[in-house]
Amino acid sequence: MADITHRTVKTNGINLHIAEAGSGPLVLLLHGWPESWYSWRHQLPALAAAGYHVVAPDVRGYGQSDKPEAIEAYSMKQLVGDAVGLLDALGEKTAIVIGHDWGSAIAWSCAALHPDRFRAVVGMSVPHLGRAPMPPMQLFQHMFGEKWFYILYFQEPGVAEAEFEADVPRTVRTILTGTPGFDVTNPAVLAKKKGGGFLAGLDVPETLPDWLTEADVAYFAKELAGSGFRGGLNRYRNMDRDWHELPELATAVISQPALYIVGEKDPVRAFSPVDPMKSLVPNLADIHVVPGAGHWVQQERAAEVNAALLAFLKKLPA
């Protein structure tokens, strides 16, 4: 197995901590909420062993990367700028970009906005949906009305931070292994009232699933205790800003080779339809549904995800 090394690079006016392995064509791995480079611990050595230079940053606001204070510092424009700047910092003209959760949204945006820099794209969990017909908060208010919805709960600065940071190890354990607070079909989530917390009423399993160890939970908790939750939550607070700043996403076609991977039981599937992606991503090689997997698909089913990634990468033009 290839060794994973760590360093800090300057990009887009900030410092990003990166984990990297291997040499060869560049593959950029972008994590989601509330995670870190460590979400890709199974993919880094596998892709490196296959002949790629694999780089997984702590996205701004997370881990050992910079954490700007301003909410607008976490707009999609800034996050895409970080990725483009990372290619520059690494001396690479192009890369393959792979993302999960919010990292998936960043990856799709990178491919749409900078097709000259990102020659292929893989999204996990979150499909490419272009641009909503109205600002997202307005859309969510319309969709959920008086029902509790986690993205609307995240909008008030400081509220979710206080809840999550009160007991970070418990928060991490609940989010990764308990009832998903973003599962809009789960009775425990449906029972929540506006103004209620994310963690309230959710189970905290004493026994971890076989894909997650106590050491894994401890690592995520240590990183999030150090960074706090503000940066990650600020990403949700920019969704309307993104809608106004990036109208071109309404019609941008991602013509690069693409792949979408999602867990069969991923709760995001309930409110993120895949069909609109098909016209926006005409060279979508596959919609790969991983049987039995939930939201944390690249961790839950590492071997299957790695096999799908390597099969896709192998078919790309040199």
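The figures that follow rest on heavy atoms only: side chains count, while hydrogens, waters and symmetry mates do not.
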Could you note down all residue pairs passing ring-ring contact (aromatic ring centres under 6.0 Å, His included) where [range] supplies at least one of them, sequence neighbours left out?
{"range": "residues 297-318", "result": "none"}
{"range": "residues 44-76", "result": "H31-Y62"}
{"range": "residues 79-106", "result": "H100-H295, W102-Y236"}
{"range": "residues 242-286", "result": "F149-F271"}

Do [X] and [Y] have side chains that approach each other closer than 4.5 Å (heavy atoms only, starting at C-beta)?
{"X": "Q299", "Y": "E35", "answer": "yes"}
{"X": "L113", "Y": "L246", "answer": "yes"}
{"X": "N306", "Y": "L47", "answer": "no"}
{"X": "I96", "Y": "L26", "answer": "no"}
{"X": "L86", "Y": "P57", "answer": "yes"}

Which atom pair, heavy atoms only, marks the closest approach of [X] to [Y]?
{"X": "Q155", "Y": "P157", "result": "O-CD, 3.1 Å"}
{"X": "P34", "Y": "L224", "result": "O-CD1, 3.4 Å"}
{"X": "D3", "Y": "A21", "result": "O-CB, 3.4 Å"}
{"X": "S36", "Y": "Y219", "result": "OG-CE2, 4.0 Å"}
{"X": "G197", "Y": "W148", "result": "O-CZ2, 3.7 Å"}

Keeping [X] on the side-chain end and [Y] on the backbone end, is there a donor-acceptor pair under 3.5 Å?
{"X": "R235", "Y": "G232", "result": "no"}
{"X": "T177", "Y": "R173", "result": "yes"}
{"X": "S65", "Y": "H17", "result": "yes"}
{"X": "N234", "Y": "G231", "result": "no"}
{"X": "D101", "Y": "M124", "result": "no"}
{"X": "Q298", "Y": "W40", "result": "no"}
{"X": "W108", "Y": "V126", "result": "yes"}

Problem - salt bridge (charged side-chain N to carboxylate O under 4.0 Å, His left out) against K278, all qualifying residues, sequence neighbours excluded - result: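 K278 satisfies salt bridge (charged side-chain N to carboxylate O under 4.0 Å, His left out) with D275 once adjacent residues are dropped.
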
Which pairs with one or both residues in [range] pass salt bridge (charged side-chain N to carboxylate O under 4.0 Å, His left out), sequence neighbours excluded?
{"range": "residues 54-71", "answer": "R60-D82, E69-R230"}
{"range": "residues 149-170", "answer": "E161-R237"}
{"range": "residues 86-96", "answer": "D88-R117"}
{"range": "residues 5-21", "answer": "R7-E20"}

Practice task
Quick one: do I106 and S109 satisfy side-chain contact (heavy atoms from CB on, under 4.5 Å)? Show the steps, please.
Solution key: CA-CA 5 Å; I106 300 168; S109 297; 5.7 Å; no

Interatomic distance, [X] atom [atom1] to [Y] atom [atom2] [nearest 0.5 angstrom]:
{"X": "M239", "Y": "M137", "atom1": "CE", "atom2": "CE", "value": "4.5 Å"}
{"X": "I4", "Y": "Y38", "atom1": "CD1", "atom2": "OH", "value": "9.0 Å"}
{"X": "C110", "Y": "M76", "atom1": "SG", "atom2": "CE", "value": "8.5 Å"}
{"X": "D266", "Y": "W296", "atom1": "CG", "atom2": "CH2", "value": "9.0 Å"}
{"X": "F198", "Y": "F164", "atom1": "CZ", "atom2": "CZ", "value": "5.0 Å"}
{"X": "L16", "Y": "T8", "atom1": "CG", "atom2": "OG1", "value": "8.5 Å"}

Practice task
Measure up the F154 and W33 rings against each other and bin them: parallel (under 30°), tilted (30 to 60°), perpendicular (over 60°).
Solution key: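 Ring orientation of F154 relative to W33: tilted.
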
Practice task
Decide, yes or no, whether a salt bridge links R131 with D242 under the criterion of side-chain N to carboxylate O below 4.0 Å.
Solution key: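 No.
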
Practice task
Decide side chain to side chain donor-acceptor pair (under 3.5 Å) for E72 and N238; before the verdict, give the C-alpha distance in whole Å, the side-chain angles of both, and the deciding distance to 0.1 Å.
Solution key: CA-CA 7 Å; E72 59 269 23; N238 277 279; over 6 Å; no

Report all side-chain donor-acceptor pairs from residues 251-258 shorter than 3.5 Å, counting only partners two or more places apart or in another chain.
from : atom 1 : to   : atom 2 : distance (Å)
Q256 : NE2    : A111 : O      : 3.0
Q256 : NE2    : F118 : O      : 2.8

Practice task
Carefully, step by step, assess R269 and D183 under the rule salt bridge (charged side-chain N to carboxylate O under 4.0 Å, His left out).
Solution key: CA-CA 9 Å; R269 298 180 80 192; D183 185 351; over 6 Å; no

Handout entry: Over-ring placement of K147 relative to F144, 6.0 Å and 45° cut-offs
Key =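 Cation-pi check for K147 and F144: fails.
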
All N/O donor-acceptor pairs, side-chain side in residues 285-292, below 3.5 Å, sequence neighbours left out:
from : atom 1 : to   : atom 2 : distance (Å)
H288 : NE2    : E304 : OE2    : 3.1

Practice task
Start with the C-alpha distance between E264 and R301, add both sets of side-chain angles, then the distance that settles salt bridge (charged side-chain N to carboxylate O under 4.0 Å, His left out), and finish with yes or no.
Solution key: CA-CA 11 Å; E264 178 191 15; R301 299 290 189 274; over 6 Å; no

Do any side-chain atoms of residues 200-210 form donor-acceptor pairs under 3.5 angstrom with protein atoms, and if so which ones, sequence neighbours left out?
from : atom 1 : to   : atom 2 : distance (Å)
D203 : OD1    : T179 : N      : 2.8
D203 : OD1    : T179 : OG1    : 2.3

